[in-house]
**Student:** 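The structure under discussion is supplied below as structure tokens; questions concerning it will follow.
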There are 2 protein chains.
Amino acid sequence: MADLPIAAIIRIAKQNGADRVGSDAAAALVQKTEEYIATIAKEATKLASHAGRKTIKAEDIEMACSSS
Amino acid sequence: MADLPIAAIIRIAKQNGADRVGSDAAAALVQKTEEYIATIAKEATKLASHAGRKTIKAEDIEMACSSS
């Protein structure tokens, strides 16, 4: 996939205490983040469908996150 | 924070089954994703420190994800 910019993810990590982030760690963090988005998107899609909608709303994202 | 590009996150969501993503849902997904990265970064920083390192390695990310 590799759709997310590494620089932005490293910036968020550093804002949260990370001092130095190895390039292998940065790549792993990008991959895990993309997996997280995929998991939430799949669950939110199911929840929207369950509510009779094709459009995902914020409430689907919230519920998907609380069950993941 | 708002460091991650919304377009990239919506693209990943659509690659994982999302049909239409409301703008409120997109904003919520960006926020949840940033919170996820923050949580992993904090845990990985602790794990690297615990291993006597200042540099976060991929193994710290992996362990942080498995415990989150």
Side-chain angles (χ1 to χ4, degrees):
Chain A
M1 293 192 283
D3 265 318
L4 297 174
I6 288 186
I9 289 182
I10 291 178
R11 194 159 55 235
I12 295 170
K14 292 198 170 182
Q15 284 165 354
N16 287 279
D19 187 10
R20 286 180 243 162
V21 182
S23 59
D24 61 333
L29 189 51
V30 168
Q31 190 194 334
K32 293 291 182 183
T33 302
E34 292 187 355
E35 288 172 11
Y36 174 80
I37 297 167
T39 300
I40 299 302
K42 285 175 190 167
E43 184 68 19
T45 300
K46 275 194 274 183
L47 288 163
S49 173
H50 182 72
R53 286 183 272 103
K54 287 198 173 185
T55 302
I56 294 174
K57 291 187 179 181
E59 65 199 61
D60 302 315
I61 300 293
E62 297 290 340
M63 190 174 286
C65 290
S66 66
S67 66
S68 293
Chain B
M1 291 191 284
D3 264 320
L4 297 175
I6 288 185
I9 289 181
I10 291 178
R11 195 159 55 234
I12 295 170
K14 293 199 168 180
Q15 284 166 354
N16 286 280
D19 186 10
R20 286 180 243 161
V21 182
S23 59
D24 61 333
L29 189 51
V30 168
Q31 190 194 335
K32 292 292 182 183
T33 301
E34 293 187 354
E35 289 173 9
Y36 174 80
I37 297 168
T39 300
I40 299 301
K42 285 175 189 167
E43 184 68 18
T45 300
K46 276 195 273 184
L47 288 162
S49 173
H50 183 71
R53 285 182 273 102
K54 287 197 173 184
T55 302
I56 294 174
K57 292 187 178 181
E59 64 198 63
D60 303 315
I61 300 295
E62 297 291 340
M63 190 173 286
C65 289
S66 65
S67 66
S68 291

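In what follows, every chain begins at residue 1, and chains take the letters A, B, ... in the order their sequences are listed. Note: hydrogens, waters and symmetry copies are ignored here, and every other heavy atom, side chains too, is used.
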**Student:** With a 4.5 Å cut-off on side-chain heavy atoms, are A:Ile12 and B:Leu4 touching?
**Tutor:** yes

**Student:** If you look at every heavy atom in A:Ala25 and B:Lys57, which pair is closest and at what distance?
**Tutor:** CB-C, 3.4 Å

**Student:** Would you call A:Arg20 and B:Arg53 a side-chain contact if the rule is heavy atoms closer than 4.5 Å?
**Tutor:** no

**Student:** Rounded to the nearest 0.5 Å, what separation is found between the CG atom of A:Asp3 and the CD1 atom of B:Ile9?
**Tutor:** 10.0 Å

**Student:** Please report the shortest heavy-atom distance between A:Ile56 and B:Ala18, naming the atom on each side.
**Tutor:** CD1-CB, 3.5 Å

**Student:** Rounded to the nearest 0.5 Å, how far apart are NZ of A:Lys54 and CG of B:Asp19?
**Tutor:** 6.0 Å

**Student:** Do you know which of A:Ala41, A:Ala7, A:Ala26 has the most heavy-atom pairs under 4.5 Å to chain B?
**Tutor:** A:Ala41

**Student:** Nearest heavy-atom pair of B:Asp24 and A:Ala58: which atoms, and what distance?
**Tutor:** OD2-N, 3.2 Å

**Student:** Quick check for you: among B:Ala44, B:Gly22, B:Ser49, B:Ala48, which has the greatest number of heavy-atom pairs under 4.5 Å with chain A?
**Tutor:** B:Gly22

**Student:** Looking at chain A, which one of B:Glu62, B:Lys14, B:Lys46 has the largest number of heavy-atom pairs inside 4.5 Å, strictly under?
**Tutor:** B:Glu62

**Student:** Rounded to the nearest 0.5 Å, how far apart are CD of A:Glu34 and CZ of B:Arg11?
**Tutor:** 9.5 Å

**Student:** Considering only heavy atoms, which portion of B:Ile61 lies under 4.5 Å from any heavy atom of chain A: side chain, backbone, both, or neither?
**Tutor:** side chain

